[in-house]
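What follows is one structure encoded as structure tokens, with my remarks underneath.
Whatever order the structure lists them in is the order used to number ligands and atoms, beginning at 1. Values reported hereafter were calculated over all heavy atoms of this structure, with side chains retained and with hydrogens, waters and symmetry mates removed.
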Amino acid sequence: MTDLKWWQTAVFYQIYPRSFADGNGDGIGDFKGIIEKLDYLSDLGIDAVWLSPHFPSPNWDCGYDISDYTNVAPEYGTLEDFKTFLREAHARRIRVILDLVLNHTSDEHPWFLESKSSSDNPKANWYVWADTPPNNWQSCFDGDAWTYAPERNQYYYHYFMKQQPDLNWHNPEVKKAMWDAVRFWLDLGVDGYRLDAIGTIFEDSSLTPHDVPLNLAGVRRLLELAQTPEEKQQAGKYWYAMFKYQWAQPGLHDLMKELRAVIDEYDGDRMLVGEDDDITYMGNGDDELHLVFNFPLMRMGRLIPSLVRLNQKERLARLDALPVNGWPCNTLGNHDYSRIRTNYGDRQHDAELARLHAALMLTLKGTPFLYNGEEIGMTDLIITDPTKLRDTMATWYYDRLVNELNVDPVEAAQRAGEMSRDKNRTPMQWSNNPNGGFSPPNVETWLPVNPNYRDGINVRDQRHNPSSLLNYYKHLLQFRKSSPALIKGEYISLNNTAKDYLAFVRKSEEQTVLVVLNFSEKKLELDFSRTKEIKGCNLQILFSSAERLKTTKRAYGLTISPFEVFIAEVEPKQ
Ligand code: GLC
């Protein structure tokens with residue numbers, strides 16, 4: 001399997017540092033905690049970590065508003081702690097990529113403080129300034145995108161919160177400063193970056209106003225209340241039209257090429273993954289990003305076999321069409337998105353569906369990204385007390401619902417809790433001790449711990465239970481590592497009209513495996529004896545969620561249990 005790069009064979013695990021492990025008992029995660037859990041990660045079987053921002057930040061956007069790009073937030077530890085973390089991770093053969101927020105800084109970053117201090121200081125042109133708001137653009141987090149700075153009697157632009165002013169990427173000094181920060185961590189030995197919100201870096205140079213007859217709160221409300229497909233489509237159109245001049249503007253490909261050149265100054269083994277689903281950011285396959293996420297899969301709502309098939313067909317075809325073949329990258333969740341068990345569950349078979357979705361991630365072609373806590377089946381926790389919300393996007397929305405749209409405060413609180421990303425950022429549940437073992441008892445954690453840590457959704461209980469989700473993940477991860485077909489084999493979709501299940505073959509030079517994922521509560525009887533890749537072969541069972549014996553089966557009369565994950569090697573008959 002040596003012909004592939006490490007980031008093609010790796011399974012990534014996203015650590016959200018605030019919520020992963022609290023080593024000093026102050027209710028907030030930190031490097032001490034992460035270091036203590038490295039053996040856990042190594043035992044789980046992941047190969048690389050994506051660390052969400054660990055930099056100093058006033059935390060208006062939970063770390064995505066950075067006030068110093070080359071340091072560590074004091075609540076997480078020191079630069080020395082970071083170095084220890086990196087060294088210890090590497091010692092366990094775990095690679096580490098960091099989050100790189102290019103579009104904006106914190107409004108407390110010294111660059112911005114200087115820039116806003118007057119209109120003729122050396123950094124006056126580092127952000128996007130205007131004498132009066134030049135258009136009706138909205139920020140996707142907090143209403144008007146132009147905010148007044150009295151110090152220079154001008155307005156600055158921000159795509160996100162007003163505490164996150166957009167950098168002016170047309171200014172070569174901005175690039176230089178940011179590439180220096182990029183090199184700072186690469187020099188320390190990090191293995192790459194996940195690029196935050198790259199689509200937002202440039203704006204339409206004509207500053208064309210949008211033509212949506214609503215503001216941000218109005219469109220959000222419309223999206224929320226949309227019931228019929230037509231209403232949903234209309235609300236979606238408005239969202240797109242509202243931001244179309246602030247997204248995916250010319251200049252991005254050249255910028256990604258420049259960044260790639262910086263990365264390639266190193267040993268050729270560092271990587272970039274973009275928070276975007278646009279495959280064109282992979283450039284010619286060799287000159288922009290190494291990976292972009294398959295977000296269309298994640299955003300499907302309920303995952304149904306026909307849609308997954310369509311998604312794969314489309315994505316893989318487009319990747320294969322790149323001059324140098326691109327590599328897929330799948331994920332079903334992150335710190336911005338609902339938990340797998342909540343999002344794709346049906347409230348009746350959530351446990352089974354969680355296993356099925358884990359298998360989907362780990363058997364589709366491409367690099368999987370898992371989010372911390374999914375391996376124990378953590379669920380969303382809706383916080384309905386607006387004073388307890390930490391996601392300022394949601395507190396802003398609560399305020400608008402009540403004060404602009406006259407929504408009843410109880411309903412507004414529910415809506416804000418549901419849209420808030422706090423629900424999927426609650427502390428990792430390590431045991432059934434108070435606070436889920438995240439922090440000592442009686443310490444108030446930065447977000448409440450989901451009380452379901454008492455019901456077996458915690459690492460310690462699951463570690464001791466051979467049939468737990470955690471052990472299932474471990475087996476599947478181990479199994480994936482041992483299977484060349486799953487790691488690099490081509491994906492061949494089978495039985496394309498099947499409604500209840502997804503069946504595909506993964507085929508490499510060394511191995512062919514059949515994967516069947518039964519998304520239904522029906523028992524299936526399947527026949528693959530006429531399938532081209534399987535004809536004349538037996539099926540040697542390698543992995544099953546139904547705890548089957550690892551026997552050899554014929555390719556017909558194959559019974560698959562409800563929600564079963566079935567993986568077998570296709571072997572010529574003896
Ligand atoms: C990305 C991050 C999200 C953040 C936003 C602004 O989408 O994933 O958490 O709020 O960018 O930086």
[atom] - nearest protein heavy atom and its distance:
{"atom": "atom 9 (O) of ligand 1", "value": "D336 OD1, 2.7 Å"}
{"atom": "atom 10 (O) of ligand 1", "value": "D61 OD2, 2.5 Å"}
{"atom": "atom 7 (O) of ligand 1", "value": "E275 OE2, 2.8 Å"}
{"atom": "atom 12 (O) of ligand 1", "value": "D196 OD2, 2.9 Å"}

(request) Using a 4.0 Å heavy-atom threshold (strictly under), name the region of R421 that reaches ligand 1: side chain, backbone, both or neither. (result)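 Under 4.0 Å from ligand 1, R421 contributes side-chain atoms alone.
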(message) Can you tell me which portion of M161 lies within the under-4.0 Å heavy-atom range of ligand 1? Options are side chain, backbone, both, or neither.
(response)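 Near ligand 1, M161 shows nothing, with every heavy atom at 4.0 Å or more.
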(request) Just grab all the salt bridge (charged side-chain N to carboxylate O under 4.0 Å, His left out) pairs involving residues 157-177, residues at least two apart or on different chains. (result)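 Sorted pair list: K175-E258, K176-D180.
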(message) Check the orientation of Y155 and Y148. Use parallel for under 30°, tilted for 30 to 60°, and perpendicular for over 60°.
(response)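 Plane angle between 30° and 60°, so tilted.
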(message) Quick check on contacts: which atoms of ligand 1 are under 4.0 angstrom from a heavy atom of R425?
(response)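 That gives atoms 9 (O) of ligand 1.
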(message) So if I count the atoms of ligand 1 from 1 in the order they appear, which ones are less than 4.0 Å from some heavy atom of H104?
(response)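 Answer for ligand 1: 6 (C), 12 (O).
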(message) Salt bridge or not between D380 and R425? Use side-chain N to carboxylate O under 4.0 Å.
(response)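 So D380 does not pair with R425 through a salt bridge.
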(message) Pairing donors with acceptors under 3.5 angstrom, does anything connect the side chains of N59 and E75?
(response)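 The criterion, which ignores hydrogens and geometry beyond distance, is satisfied for E75 and N59.
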(message) For a quick check under 3.5 Å, do Q163 and D61 share a side-chain donor-acceptor pair by atom type?
(response)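 Looking only at side-chain atoms, D61 and Q163 do not form any donor-acceptor pair under 3.5 Å.
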(message) Contact between ligand 1 and F141 is defined here as a heavy atom of the residue under 4.0 Å from a ligand atom; is it met?
(response)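 Judged by the 4.0 Å heavy-atom criterion, F141 does count as contacting ligand 1.
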(request) Flag the pair Y245 / H210 as yes when their ring centroid distance falls below 6.0 Å, and as no otherwise. (result)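 Ring centroids of Y245 and H210 are no less than 6.0 Å from each other.
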